[in-house]
Amino acid sequence: MGYCMQMSSSHIFVSTENTGRVMAKLKNYPYRFDLDDDGNITGISFTGHKLSDEFEVFQQVAPYIRNGSYIEMCGDDGDRWKWAFQNGICQRVTQHTLWRYG
(Lines give C-alpha, C1' and ligand atoms only; values in the text may rest on other atoms or scores of the structure.)
Protein backbone atom coordinates (compact mmCIF):
# COMPACT_ATOMS: atom_id res chain seq x y z
CA MET A 1 0.00 0.00 0.00
CA GLY A 2 2.79 2.47 0.76
CA TYR A 3 3.20 5.43 3.05
CA CYS A 4 0.62 8.20 2.61
CA MET A 5 1.24 11.84 3.41
CA GLN A 6 -0.22 15.30 2.96
CA MET A 7 1.20 18.81 2.86
CA SER A 8 0.34 20.86 5.93
CA SER A 9 2.02 24.12 4.87
CA SER A 10 4.67 25.58 2.61
CA HIS A 11 6.51 28.74 1.79
CA ILE A 12 8.57 28.54 -1.37
CA PHE A 13 10.07 30.90 -3.93
CA VAL A 14 11.94 30.13 -7.14
CA SER A 15 12.98 32.99 -9.41
CA THR A 16 11.86 33.12 -13.03
CA GLU A 17 15.26 32.11 -14.42
CA ASN A 18 15.08 28.83 -12.47
CA THR A 19 11.35 28.07 -12.76
CA GLY A 20 11.81 25.85 -15.83
CA ARG A 21 14.57 23.80 -14.20
CA VAL A 22 12.56 23.12 -11.07
CA MET A 23 9.32 22.32 -12.90
CA ALA A 24 11.10 20.00 -15.35
CA LYS A 25 12.80 18.08 -12.53
CA LEU A 26 9.51 17.67 -10.62
CA LYS A 27 7.27 16.97 -13.63
CA ASN A 28 6.79 13.30 -12.70
CA TYR A 29 5.96 14.08 -9.07
CA PRO A 30 2.54 15.01 -7.68
CA TYR A 31 3.16 18.72 -7.19
CA ARG A 32 1.43 21.75 -8.67
CA PHE A 33 3.09 25.16 -8.75
CA ASP A 34 1.69 28.65 -8.32
CA LEU A 35 3.33 31.26 -10.55
CA ASP A 36 3.16 35.02 -10.27
CA ASP A 37 2.83 37.35 -13.26
CA ASP A 38 6.62 37.37 -13.73
CA GLY A 39 6.91 33.55 -13.85
CA ASN A 40 8.36 33.08 -10.36
CA ILE A 41 7.25 30.03 -8.40
CA THR A 42 5.49 31.47 -5.35
CA GLY A 43 3.66 28.40 -4.09
CA ILE A 44 3.53 24.62 -4.27
CA SER A 45 0.75 22.10 -3.63
CA PHE A 46 1.02 18.35 -3.10
CA THR A 47 -1.61 16.66 -5.25
CA GLY A 48 -0.81 13.05 -4.44
CA HIS A 49 -1.05 10.74 -1.48
CA LYS A 50 2.04 8.57 -1.37
CA LEU A 51 5.65 9.24 -0.56
CA SER A 52 8.13 8.55 -3.33
CA ASP A 53 11.71 9.77 -3.41
CA GLU A 54 10.84 13.45 -3.01
CA PHE A 55 13.71 14.20 -0.66
CA GLU A 56 16.20 13.07 -3.29
CA VAL A 57 14.66 15.23 -6.01
CA PHE A 58 14.33 18.24 -3.69
CA GLN A 59 18.05 17.93 -2.94
CA GLN A 60 18.68 18.17 -6.69
CA VAL A 61 16.63 21.38 -7.12
CA ALA A 62 17.69 22.97 -3.81
CA PRO A 63 20.29 25.25 -5.47
CA TYR A 64 17.42 26.97 -7.34
CA ILE A 65 15.13 27.49 -4.33
CA ARG A 66 15.36 30.66 -2.21
CA ASN A 67 16.84 30.40 1.27
CA GLY A 68 14.19 30.06 3.97
CA SER A 69 11.76 28.16 1.74
CA TYR A 70 10.17 25.03 3.19
CA ILE A 71 7.58 22.33 2.53
CA GLU A 72 5.92 20.87 5.64
CA MET A 73 4.42 17.39 5.47
CA CYS A 74 2.43 15.07 7.73
CA GLY A 75 2.47 11.29 7.36
CA ASP A 76 -0.41 8.90 7.87
CA ASP A 77 1.24 7.72 11.09
CA GLY A 78 1.29 11.25 12.54
CA ASP A 79 4.96 11.85 11.70
CA ARG A 80 5.65 15.50 10.81
CA TRP A 81 8.63 16.89 8.95
CA LYS A 82 9.64 19.67 6.64
CA TRP A 83 12.04 19.94 3.77
CA ALA A 84 13.92 23.16 4.51
CA PHE A 85 16.02 24.94 1.88
CA GLN A 86 19.12 26.90 2.84
CA ASN A 87 22.33 27.71 0.93
CA GLY A 88 21.49 25.37 -1.95
CA ILE A 89 20.83 22.40 0.33
CA CYS A 90 17.60 20.64 1.24
CA GLN A 91 17.43 19.20 4.73
CA ARG A 92 14.75 16.99 6.23
CA VAL A 93 13.84 18.46 9.61
CA THR A 94 11.64 16.34 11.88
CA GLN A 95 9.21 17.54 14.52
CA HIS A 96 9.30 16.00 17.97
CA THR A 97 6.67 16.38 20.67
CA LEU A 98 7.85 17.04 24.20
CA TRP A 99 5.41 16.25 26.98
CA ARG A 100 5.79 18.35 30.11
CA TYR A 101 4.21 17.56 33.40
CA GLY A 102 3.24 20.50 35.62
Within 45° cone and under 6.0 Å: R92 NZ/CZ vs W83 ring: no
Other residues, nucleotides, ligands: >12 heavy atoms within 6.0 Å of Q91 CD: no
Atom of W81, atom of G75 and distance for their closest heavy-atom approach: CZ3-N, 3.6 Å
Side-chain donor or acceptor of N18 paired with backbone N/O of R21 under 3.5 Å: no
Non-hydrogen side-chain atoms of D34 and I44 separated by less than 4.5 Å: no
Closest non-hydrogen atom pair between S45 and M7, with its separation: C-CE, 4.0 Å
Donor-acceptor under 3.5 Å (N87 side chain, I89 main chain): no
4.5 Å side-chain heavy-atom contact, M5 and D79: no
Rounded distance [0.5 Å steps], OG1 in T16 versus CG in D36: 6.0 Å
By side chain to side chain donor-acceptor pair (under 3.5 Å) - contacts of T47 (at least two apart): none
Check: S69 side chain, F13 main-chain N or O, donor-acceptor pair, under 3.5 Å: yes
Qualifying residue for side-chain contact (heavy atoms from CB on, under 4.5 Å) with F33, from N40, L26, T42, V14: L26
Backbone of C74 reached by a side-chain donor or acceptor of S8 within 3.5 Å: no
Atom pair CG/OG1 of L35 and T19 - distance to nearest 0.5 Å: 6.0 Å
Student check: side-chain heavy atoms of E72 and R80 closer than 4.5 Å: yes
Which atom of A62 lies closest to which atom of C90, heavy atoms considered: CB-N, 3.6 Å
Sequence-distant partners of Y31, ring pair (Phe, Tyr, Trp, His ring centres under 6.0 Å), two or more places apart: F46, F58
Connected via hydrophobic side-chain network under 4.5 Å: V57 and V93: no
R32 CZ to M23 CE distance, which is reported to the nearest 0.5 Å: 10.5 Å
Where S9 and Y70 come nearest, the two heavy atoms and their spacing: OG-CE1, 3.5 Å
